[in-house]
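Encoded as structure tokens, the structure appears first; notes follow it.
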Amino acid sequence: MADGADAPAARALDPAGPPTWIVLGRTGDRVVAVDLDAHAAERSRTTLDAARLAEWVAAREKAEAPRWVWSDAPAWYAALLDAGVRVARCHDLRLCHAILRDSALVTDAAALRAAREWDAATHVEPVAAVAPALFDLDLDPDEPSGPPSGVDAALAEFARQRDAIGASPHAQRLRLLTAAESAGALIAAELRAAGLPWDAAAHDAILTARLGARPVAGRPPERLEELARQVREALGDPAVSLDSQPKLLRSLHRAGILVESTNRWELAEHEHPAIPPLIEYKRLWRLMTANGWTWLDEWVRAGRFRPVYVPGGVVTGRWASSGGGALQVPRSLRAAVRADPGWLLVVADVAQLEPRVLAGMAADTALADAARGRDLYAGIVAGGIVETRQEAKIALLGAMYGATTGDSGRLVPRLRRSFPRAMALVDDAALVGEDGGVVTTWLGRTSPSPSQGWQSAQAQATEAEASGADETRARRWARDRGRFTRNFVVQGTAAEWALAWLADLRGRLERMPFPGGAEPAPRSGPVFQRRPHLAFFLHDEVIVHTPAESADEVAVAVQEAAASAGRLLFGGFPIDFPLEVRIAHTADKT
DNA sequence: GGAAGGTGCGCG
DNA sequence: AAAGCGCGCACCTTCC
């Protein structure tokens with residue numbers, strides 16, 4: 001990890017922290033704010049009406065940009081954004097608790113583990129305006145969700161976390177990780193508030209072109225009906241349901257198509273007149289059920305798709321999403337992502353993030369050399385390690401996922417000769433996992449311990465009376481877990497890089513001028529929507545929605561943020577993070 | 001009639 | 001062309 005990282009990143013993630021921390025807590029309709037100095041000593045306490053919180057936060061933010069310490073970003077920040085108030089930094093106690101409780105870099109996590117109330121799921125936001133269907137959730141309004149909301153609980157947990165970090169020999173990494181995770185919590189709330197510009201008419205046009213006109217409720221669209229007819233005719237089975245896997249499978253067998261499943265790849269291996277229309281049927285059925293007119297009605301309001309992002313929702317630290325399938329928007333619908341009039345989208349994705357991160361972690365200069373420039377896979381071909389770009393890609397993915405058979409498994413050994421350090425890192429992670437141990441990302445997120453079931457299966461297999469089946473199962477589970485831990489270190493560190501990238505970019509966008517120069521007067525609603533702002537994030541890709549006049553400047557900022565994230569994690573180690581950046585009206589890949 | 005599990009497929 | 005990580009979601013079937 002780098003020390004003395006460059007200024008913008010340092011501002012965004014600022015491991016040392018600002019001079020003031022303000023811990024917020026709630027009691028009924030009163031909010032208590034406790035000012036702490038840089039040594040966490042209490043300086044003052046303020047009690048105010050919850051209704052006045054946004055105004056008060058705005059004033060403190062403007063005066064000194066403190067780090068706000070709160071239980072759970074969605075429980076605090078959504079309302080601030082609604083009131084037009086944005087903050088630069090926070091410390092999200094719930095998310096940081098989850099990291100520190102399990103981190104192998106924390107020497108003594110007993111106090112954190114004992115504070116079970118902080119293991120709570122996130123506060124559930126009321127989302128009626130966005131997605132009425134979610135309102136069906138069986139929520140008891142008297143049963144508050146989320147972690148403790150009182151100020152004393154927050155102060156106690158904050159003290160536990162500061163102690164845990166301070167006592168760690170890797171305190172700087174943990175400070176960076178908790179700051180990055182907390183920045184992600186802010187960004188997720190802002191992404192939801194801003195929304196992704198979505199052109200419902202363009203979406204409808206795509207659906208109509210592929211499926212036929214929107215049918216009346218309950219009927220399949222024209223094109224789907226026609227394909228189903230063709231499949232049934234070719235199978236000689238006029239009544240078969242194509243949506244029931246067991247029934248379809250039996251019908252395929254009766255027609256002499258001896259597949260074991262109905263998945264597309266297996267079907268494609270067979271020649272039969274029923275196959276092409278069936279594959280097309282499944283493709284369109286998927287489009288309609290996952291992102292059809294129902295989805296459009298439910299999730300797109302006033303030209304914005306507002307997904308619910310879940311920072312830290314994946315064990316590796318990646319974000320998950322809940323509702324709307326935000327992270328699975330099919331490429332075929334990207335043409336519906338469309339900037340507002342006079343605005344543009346800056347769409348940026350990192351080329352081969354995970355192998356680059358691996359090179360950085362392992363300090364593998366040979367892999368870093370191959371990665372120099374735009375295309376890491378081409379670099380591997382140029383090094384004479386494999387013949388084609390496709391082989392390079394399969395081999396590298398196989399190395400990070402733990403492939404043992406097929407083309408991928410065959411090619412992996414070549415990488416082992418050429419990139420011994422990188423391969424040793426993932427191979428070691430796999431061995432630790434097979435053995436029941438835990439592994440840790442670059443900044444300190446640690447994989448979960450194996451389950452009780454896993455441990456007892458391993459123990460049982462070593463006993464004298466263990467059956468062959470016991471041993472086979474134990475071996476299989478051990479290898480499964482090895483592949484998980486092998487991938488964990490890479491996927492998790494890539495997620496950390498992406499958080500650093502996002503946080504840094506957010507800071508750069510915030511410092512850009514409003515169109516026309518003067519900052520608009522405060523008004524209701526998120527004011528940041530009136531200057532360049534993040535609109536979408538997907539593991540290694542961001543979309544910024546920007547006034548057209550700022551698009552070039554944004555494109556530069558996105559690049560600089562990537563370089564800055566690389567330095568923040570890997571210091572002077574020479575690993576590039578090149579981006580593919582497009583400036584366009586739509587997010588469509590052209 | 002709802003929960004749980006299986007299947008398949010969209011994304012990285 | 002296809003076996004190797006992480007997800008969420010829709011639908012169907014099975015079981016209580």
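The sequence lines fix the lettering, A, B, ..., with proteins before strands; numbering per chain opens at 1. Every value quoted in this text rests on a predicted model; they were computed, and no experiment measured them.
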Could you please name the option among C:dG8, C:dC7, C:dC12 that lies closest to any side-chain atom of A:Val315? C:dC7
Separation of atom NE2 in A:His270 from atom P in C:dA1, rounded to whole Å: 15 Å
A:Thr446-A:Thr440 side chain donor-acceptor pair, cut-off 3.5 Å: yes
Whether A:Thr404 contacts C:dG4 is assessed here as follows: a side-chain N or O lying under 4.0 Å from the phosphate OP1 or OP2. Is that the case? yes
Could you state the atom-to-atom distance from CH2 of A:Trp299 to C1' of C:dC9 in whole Å? 11 Å
Could you tell me if A:Arg479 sits above the aromatic ring of A:Trp477, with its cationic atom closer than 6.0 Å to the ring centre and no more than 45 degrees from the axis? no
Taking the cut-offs as 6.0 angstrom to the six-membered ring centre and 45 degrees off its axis, would you call A:Arg304 and A:Trp198 a cation-pi pair? no
Five pairs at each end of the helix from B:dG1-C:dC16 to B:dG12-C:dC5: take the axis at both ends and give me the angle between them to 10°. 0°
note: A:Trp285, atom CH2; C:dC12, atom P; distance rounded to Å ~ 6 Å
Check this for me: A:Lys393, atom NZ, are more than 12 non-hydrogen atoms of other residues, nucleotides or ligands nearer than 6.0 Å? no
Please tell me which of A:Glu269 and A:Phe484 maps to the more 5' nucleotide of DNA chain C, matching each residue to the nucleotide holding its nearest heavy atom. A:Glu269
Counting any heavy atom closer than 4.0 Å, what does A:Glu266 reach on the DNA or RNA strands: base, sugar-phosphate only, or nothing? nothing
Do A:Arg223 and A:Glu226 meet the salt-bridge criterion of a basic N to acidic O distance under 4.0 Å? no
Taking only distance into account, with no hydrogens and no angle test, what donor-acceptor pairs under 3.5 Å do side-chain atoms of residues 247-258 of chain A form with protein atoms, sequence neighbours excluded?
unit_1, atom_1, unit_2, atom_2, d
A:Ser251, OG, A:Asp237, OD2, 2.7
A:His253, NE2, A:Val259, O, 2.7
A:Arg254, NH2, A:Asp237, OD2, 2.9

Have a look at A:Thr405 and say if it touches a base, only the backbone sugar-phosphate, or nothing, with a 4.0 Å heavy-atom cut-off. sugar-phosphate
A:Phe537: which residues meet the ring-ring contact (aromatic ring centres under 6.0 Å, His included) condition with it, sequence neighbours left out? A:Trp319
Give me the residues of residues 446-457 of chain A where at least one heavy atom lies under 4.0 Å from an atom of DNA chain B, by number, or none. none
Salt-bridge criterion met for A:Arg486 and A:Asp427 (N-O under 4.0 Å): yes
When rounded to whole Å, the CG to P distance for the pair A:Leu397 and C:dG4 reads 13 Å
Starting from P on C:dC7, measure out to CH2 on A:Trp319 and report it in whole angstrom. 17 Å
Between A:Asp243 and A:Gly398, whichever has its closest DNA chain C nucleotide further toward 5' is A:Gly398
In this structure, are over 12 heavy atoms from other groups packed under 6.0 Å from A:Arg229 atom CZ? yes
Given protein heavy atoms under 4.0 Å, the one-letter contact record of nucleotides 5-12 of chain B, with B base, S sugar-phosphate only and - none, is simply --SBBBSB
Mind checking A:Trp295 for me? I need base, sugar-phosphate or nothing, with any heavy atom below 4.0 Å counting as a touch. nothing
Rounded to the nearest Å, what distance is computed from the CD atom of residue A:Glu391 to the P atom of nucleotide C:dA1? 14 Å
Is A:Arg306 close enough and on-axis enough to A:Trp299, meaning under 6.0 Å and within 45°, for cation-pi? no
Rounded distance in Å - CD1 (A:Ile279) to C1' (C:dA1): 13 Å
Can a salt bridge be assigned to the pair A:Arg389 and A:Asp375 using a cut-off of 4.0 Å between side-chain N and carboxylate O? yes
In whole angstrom, what separates A:Leu411's CG from C:dG4's C1'? 13 Å
Cut-off 3.5 Å, no hydrogens considered: what does the side-chain donor-acceptor table look like for residues 205-222 of chain A, sequence neighbours left out?
unit_1, atom_1, unit_2, atom_2, d
A:Thr208, OG1, A:Asp204, O, 2.9
A:Arg214, NH2, A:Asp297, OD2, 2.8
A:Arg219, NH2, A:Glu225, OE1, 3.3
A:Arg219, NH2, A:Glu225, OE2, 3.1

Of all the choices, C:dC7, C:dG4, C:dT13, which nucleotide is nearest to the side chain of A:Ser244 once you look at every atom? C:dT13
